[in-house]
> 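Before I ask anything, here is the structure I am working with.
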Amino acid sequence: MESKTFLQVLCLAIVGLGFASAEVPAIFVLGDSTADVGTNNFLPGFKARADFPPNGIDFPSSRPTGRFSNGFNSADFLAMLMGFKRSPLPFFALADNPKLLKRPSFRGVNFASGGSGILDITGQTALTSSLSGVKNVVPLREQIEQLSAVHENLTAIKGSVYTEILFSRSLFFISIGSNDLLSYFYSNSSVPKQDFISALGLEYEKQIMSILELGAKKIGIISVPPVGCCPSQRAVNESGGCLVGLNDLALEFHSTINALLMKLGSEYTDLKYSLGNTYEMTINVIDNPFPFGFKEVQTACCGVKRFNGEGICDKNANLCLNRHEYLFWDLFHPTMTASKLAALTLYAGEPRFVSPINFKQLAEA
């Protein structure tokens, strides 16, 4: 009898559990490239895009959509587990066609922008801001401004009662922070590490509070993975190992997020939240890949040179054939298989990986 991987077993277990019993009317996704489903396609002057092959090679019709993946990403899989077809459309697609907000089938918006961060400065460049005038990324603060605009438009179209109920019952997913840590790590900043982490946590708390003030009551936070183990970071490490200093930042920031969520939980008594520990989830796979069906957890499927981590995934890059056996798609991002595993773990995982409740329990809270 053929043995099953952990991913297959987890899928079967979730089929037994079923989808979240409480209907989720909409999902709103904020974050960076881990959740971007095409936002950066609308930023033509920015290079952090994925709307070209072989990105999307395993997406329906092998279509590059702007997802930094060979197919669906974690935002898509979380949406599927909540009963949706995939992640909702990016905000700019709605802005181009505001009639979509009026549809009875409106099920949310994705605001995530690849390269963005909690801090406004993350992902921005002097050239972009001062010379060309072309927008680089949509930082979290601006994503929340877009969310506020959606709230305002829904109120105008469908009324305040409808909008209040919608926001209170919907799920808000946030996946961000990696780019802030990478920027700090390579900046040679004189700001002490702990001071930077504290300041980043305070800014994150402020942004989450802005979402809560709009009426959100169910928030799922996806913390920073061990970014020091990405192929791009192994490539710059002479030993080929993970960059410990960068991973330490990710660990410390997870603790900061946990503390700020506990604080917000005491201040907003109707707040329900889940914190996904993607650091622990990813290290668990890297340390023991075979039960999960992975054979390669260091080198990217698509890229160039050492670990395929020294260049972007484009038509000139190396491309693996057995994509389902790779943890990393490109120099930074997971494969569709890895994204599915992450979403399944967030949805139904144990407290080691997601706490104080998992995303399924959050939907039903």
Side-chain angles (χ1 to χ4, degrees), residues 27-36 39 75 91 108-124 129 135-152 163-164 167-168 170-185 187 189 191-224 227 249-279 355-356 362:
I27 57 175
F28 297 92
V29 183
L30 303 97
D32 55 27
S33 56
T34 55
D36 189 340
T39 293
F91 169 79
V109 187
N110 186 312
F111 305 91
S113 172
S116 67
I118 296 163
L119 303 177
D120 281 359
I121 195 173
T122 300
Q124 308 292 345
S129 59
K135 188 166 189 58
N136 244 5
V137 300
V138 185
L140 182 59
R141 179 186 56 79
E142 289 188 28
Q143 292 179 37
I144 296 169
E145 289 175 359
Q146 293 172 348
L147 174 64
S148 181
V150 169
H151 184 280
E152 185 177 328
T163 306
E164 181 181 347
F167 270 53
S168 68
S170 296
L171 292 178
F172 294 77
F173 298 139
I174 312 175
S175 178
I176 202 164
S178 296
N179 295 315
D180 298 286
L181 300 187
L182 281 162
S183 296
Y184 170 78
F185 185 77
S187 69
S189 172
V191 177
K193 177 175 69 173
Q194 196 52 56
D195 290 352
F196 170 76
I197 293 293
S198 296
L200 189 63
L202 286 172
E203 181 61 24
Y204 203 6
E205 180 181 1
K206 179 176 150 187
Q207 304 294 5
I208 295 171
M209 287 174 67
S210 296
I211 298 172
L212 297 176
E213 293 300 325
L214 289 172
K217 300 188 188 307
K218 299 182 179 184
I219 295 184
I221 303 287
I222 302 167
S223 70
V224 176
V227 282
L249 284 174
L251 276 172
E252 290 189 36
F253 191 52
H254 177 84
S255 298
T256 298
I257 298 172
N258 188 48
L260 76 85
L261 286 173
M262 290 178 66
K263 178 174 177 284
L264 289 174
S266 66
E267 295 172 353
Y268 293 81
T269 54
D270 52 357
L271 168 64
K272 305 294 182 185
Y273 70 85
S274 299
L275 174 58
N277 189 342
T278 52
Y279 188 99
S355 62
L362 179 66

> Return the minimal non-hydrogen interatomic distance between Thr39 and Ser113, and the atom names on each side.
CG2-CB, 3.9 Å
> Can you name the side chain to side chain donor-acceptor pair (under 3.5 Å) partners of Asp36, sequence neighbours left out?
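Testing Asp36 for side chain to side chain donor-acceptor pair (under 3.5 Å), a comparison that skips the adjacent residues, returns none.
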> Between Leu362 and Ser274, what is the shortest heavy-atom contact and its length?
CB-OG, 3.5 Å
> Under the rule for salt bridge (Lys or Arg N to Asp or Glu O under 4.0 Å), what residues qualify as partners of Asp120, not counting sequence neighbours?
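Partners of Asp120 by the salt bridge (Lys or Arg N to Asp or Glu O under 4.0 Å) criterion, ordered by chain and then number, come out as Arg141.
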> Sequence neighbours left out, what passes side chain to side chain contact (heavy atoms under 4.5 Å, CB included) with Thr34? Give chain and number order.
Asp32, Ser175
> State, yes or no, whether a side-chain contact exists between Leu30 and Ile144 at a heavy-atom distance under 4.5 Å.
yes
> Considering only heavy atoms from C-beta outward, does the side chain of Ile176 approach that of Ser116 to under 4.5 Å?
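Sidechains of Ser116 and Ile176: in contact.
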> With sequence neighbours left out, write down each residue that passes side chain to side chain contact (heavy atoms under 4.5 Å, CB included) with Thr256, or none if nothing qualifies.
Ile197, Phe253
> What is the distance from atom OG1 of Thr269 to atom NZ of Lys217, rounded to the nearest 0.5 Å?
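These two atoms lie 8.5 Å from each other.
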> So do Asn179 and Leu182 actually touch side chain to side chain, heavy atoms under 4.5 Å?
yes
> How long is the span from the CG atom in Asn277 to the OG atom in Ser255, to the nearest 0.5 Å?
9.0 Å
> Find the distance between CG (Leu275) and CE (Met262) and round it off to the nearest 0.5 Å.
11.0 Å
> For residues 199-207, run the donor-acceptor check on the side chains, cut-off 3.5 Å, and write out each pair with its distance to 0.1 Å, sequence neighbours left out.
| from | atom 1 | to | atom 2 | distance (Å) |
| --- | --- | --- | --- | --- |
| Glu203 | OE2 | Gln207 | NE2 | 2.6 |
| Glu205 | OE2 | Lys263 | NZ | 2.5 |

> Should Ile208 and Phe172 count as side-chain neighbours, where that means a heavy-atom distance under 4.5 Å?
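Of all side-chain heavy-atom pairs linking Phe172 with Ile208, none is under 4.5 Å.
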> Under the rule for ring pair (Phe, Tyr, Trp, His ring centres under 6.0 Å), what residues qualify as partners of Phe111, not counting sequence neighbours?
Phe91
> Please list, chain by chain and in numerical order, all residues satisfying side chain to side chain contact (heavy atoms under 4.5 Å, CB included) with Ser189, sequence neighbours excluded.
Tyr184, Ser187, Val191
> For the atom pair NZ (Lys218) and OG (Ser168), what is the distance rounded to the nearest 0.5 Å?
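Lys218 atom NZ to Ser168 atom OG measures 8.0 Å (nearest 0.5 Å).
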> State which residues pass side chain to side chain contact (heavy atoms under 4.5 Å, CB included) with Ala250; sequence neighbours excluded, sorted by chain then number.
Leu181, Val224, Tyr279
> Can you list the residues that meet the salt bridge (Lys or Arg N to Asp or Glu O under 4.0 Å) rule with Lys272, with sequence neighbours excluded?
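With sequence neighbours excluded, Lys272 shows a salt bridge (Lys or Arg N to Asp or Glu O under 4.0 Å) to no residue whatsoever.
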> Hey, could you give me the CD1/CD distance between Ile211 and Gln143, rounded to the nearest 0.5 Å?
9.0 Å
> Sequence neighbours left out, what passes side chain to side chain donor-acceptor pair (under 3.5 Å) with Asp180? Give chain and number order.
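With sequence neighbours excluded, Asp180 shows a side chain to side chain donor-acceptor pair (under 3.5 Å) to Thr122, given in chain and number order.
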> Nearest 0.5 Å, please: how far is CD in Glu152 from CD in Glu145?
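Going from CD on Glu145 over to CD on Glu152, the span is 12.0 Å.
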> Who are the side chain to side chain donor-acceptor pair (under 3.5 Å) partners of Tyr268, not counting sequence neighbours?
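Tyr268 satisfies side chain to side chain donor-acceptor pair (under 3.5 Å) with Glu213 only.
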> Are Tyr273 and Leu264 packed together at the side-chain level, in the sense that at least one heavy-atom pair is separated by less than 4.5 angstrom?
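Side-chain contact under 4.5 Å: no.
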> Output all residues satisfying side chain to side chain donor-acceptor pair (under 3.5 Å) with Ser223, sequence neighbours left out; order by chain, then residue number.
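In terms of side chain to side chain donor-acceptor pair (under 3.5 Å), with neighbours along the sequence ignored, Ser223 is linked to His254.
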